[in-house]
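Encoded as structure tokens, the structure appears first; notes follow it.
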Amino acid sequence: MKAIGLIGGMSWESTAEYYRLLNEFTRDHLGGLHSARCVLYSVDFAEIEQLQVQGRWTEAGEILAAAARALEAAGADMVLICTNTMHKVADQVEAAVSIPLLHLADVTAEAVRASGVSRVGLLGTAFTMEQEFYRGRLEVGGLDVRIPDADGRAFVHRVIYEELCLGIVREESRDAYQKIIADLVADGAEGIILGCTEIELLIDSEDSPVPVFPTARLHAAAAVRAALSASH
């Protein structure tokens, strides 16, 4: 099995999920006591979040690029950015290393297409929902992407940063997310992309009338497949 390099800590709550999922998928594929070969570089999210708010994306990208170089030096054969939002600097990270970057939006678009769905609702941080770096990549991947209205986007974003990134899961927030999902379905969404890795701590398939696409789970599964296929 090739070694999977993880740029994590954004937040560590979802990075812990990545680690669990990578090991579960590896065990499912190989059986027995097998676990994932992986290397984790976990950044300080408080520093990254401040750069996000200030729009200093290039500086944030430099931090993640340095993490990617460290992962490559530690023996990683591929790199994953364990957050949707920071794929805004994916090109900067990819350019810093010679190993491949497994892009979360590409993995997600492929999974959505494979399910037969093309019109999707997207939940994530305001950056992910509103900016082109992520929505545009999904659209290039053949998807028709819908997002919540302004109030819905503000609420989804607030819950991510003020609750989920701190490990807080509230039933009232789940109820509100379910209403936002219902509104997206009423707008024609045939599936819902959980386009922030922390949302998987709050929402699962039972909370939506249409299929949900949990991006951290999809990303981890694709990484294990790539790590195993590269060894045969």
Side-chain angles (χ1 to χ4, degrees), residues 6-15 17-18 43 45 48-61 63-64 80-94 101-112 117 119-166 173 176-177 180-181 183-184 187 189 191-203 207-208 212-220 222:
L6 307 170
I7 304 177
M10 301 167 286
S11 68
W12 71 259
E13 293 282 349
S14 66
T15 303
E17 283 294 293
Y18 263 88
V43 303
F45 190 35
I48 298 295
E49 188 270 343
Q50 282 300 302
L51 295 173
Q52 290 176 344
V53 170
Q54 295 164 11
R56 295 160 61 189
W57 294 100
T58 299
E59 291 174 59
I63 294 170
L64 269 59
L80 279 62
I81 303 173
C82 300
T83 156
N84 287 272
T85 297
M86 291 311 295
H87 276 71
K88 184 174 175 73
V89 300
D91 290 346
Q92 196 175 347
V93 174
E94 191 169 29
L101 181 145
L102 187 62
H103 198 291
L104 204 163
D106 294 346
V107 168
T108 300
E110 182 178 354
V112 173
V117 169
R119 188 179 302 115
V120 290
L122 172 63
L123 301 180
T125 67
F127 310 112
T128 298
M129 291 185 287
E130 295 171 0
Q131 296 183 19
E132 278 300 302
F133 74 91
Y134 195 85
R135 285 176 60 192
R137 188 103 174 193
L138 294 174
E139 288 164 353
V140 168
L143 304 185
D144 176 3
V145 181
R146 314 292 174 89
I147 59 174
D149 62 21
D151 288 344
R153 295 197 302 274
F155 182 82
V156 169
H157 181 92
R158 184 188 65 74
V159 167
I160 291 167
Y161 281 90
E162 297 181 12
E163 297 177 19
L164 300 178
C165 286
L166 299 173
S173 296
Y177 266 53
I180 291 167
I181 288 170
D183 290 343
L184 288 167
D187 189 38
I192 302 294
I193 293 175
L194 306 183
C196 172
T197 52
E198 284 82 16
I199 293 177
E200 291 165 59
L201 305 174
L202 181 68
I203 296 294
D207 298 309
S208 170
V212 298
F213 297 92
T215 54
R217 174 171 288 272
L218 294 170
H219 205 196

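Cys82 and Gly8 get closest at one heavy-atom pair: CB-CA, 4.3 Å. Annotation for Met10 and Ser14: closest pair O-OG, 4.1 Å, computed over non-hydrogen atoms. When all heavy atoms of Ile81 and Tyr18 are compared, the pair lying nearest together is O-OH, 4.2 Å. What you find for Pro148 and Met129 is that their closest heavy atoms are CD-SD, 3.7 Å. Across every non-hydrogen atom of Leu194 and Ile199, the tightest pair is CD2-CG2, 3.9 Å. The minimum heavy-atom distance between Ala105 and Arg137, with the atom names listed, is CB-CG, 3.7 Å.
Partners of Thr125 under the side-chain hydrogen bond (donor to acceptor under 3.5 Å, both in side chains) rule, at least two apart in sequence or in another chain, are Thr85, Thr128. Glu17 meets the salt bridge (charged side-chain N to carboxylate O under 4.0 Å, His left out) test with Arg20; sequence neighbours excluded. Residues passing the salt bridge (charged side-chain N to carboxylate O under 4.0 Å, His left out) test with Glu59 are Arg56, sequence neighbours excluded. Residues forming a side-chain contact (heavy atoms from CB on, under 4.5 Å) with Ala109 (at least two apart in sequence, or on another chain): Arg113, Leu138, Leu143. Here Phe127 pairs with Trp57, His157 under the ring pair (Phe, Tyr, Trp, His ring centres under 6.0 Å) rule; sequence neighbours left out. For Gln50, the side-chain contact (heavy atoms from CB on, under 4.5 Å) test picks out Gln54, with sequence neighbours left out. Considering only residues two or more places apart in sequence or on other chains, Asp144 meets the side-chain contact (heavy atoms from CB on, under 4.5 Å) condition with Arg119, Arg146. Residues passing the side-chain hydrogen bond (donor to acceptor under 3.5 Å, both in side chains) test with Arg217: none are found, sequence neighbours excluded. Remark: Glu49 engages no residue in a salt bridge (charged side-chain N to carboxylate O under 4.0 Å, His left out) (not counting sequence neighbours). The side-chain hydrogen bond (donor to acceptor under 3.5 Å, both in side chains) test applied to Gln52 returns Tyr161, not counting sequence neighbours. Looking at residues two or more places apart in sequence or on another chain, you find no ring pair (Phe, Tyr, Trp, His ring centres under 6.0 Å) involving Tyr177.
With hydrogens and angles disregarded, a donor-acceptor distance shorter than 3.5 Å links the side chain of His87 to the backbone of Leu104. For Glu13 (side chain) and Leu164 (main-chain N/O), no donor-acceptor pair under 3.5 Å exists by modelled atom type. For Thr15 (side chain) and Gly9 (main-chain N/O), a donor-acceptor pair under 3.5 Å exists by modelled atom type.
Just one residue in the list Val145, Ile192, Thr108 forms a side-chain contact (heavy atoms from CB on, under 4.5 Å) with Val120, and that residue is Val145.
Residue pairs meeting the salt bridge (charged side-chain N to carboxylate O under 4.0 Å, His left out) criterion with at least one member in residues 156-166, sequence neighbours excluded, are Arg158-Glu162, Arg158-Glu163, Glu163-Arg170.
Thr215 has its side chain within reach of Glu200: a pair of non-hydrogen atoms, C-beta onward, lies under 4.5 Å apart.
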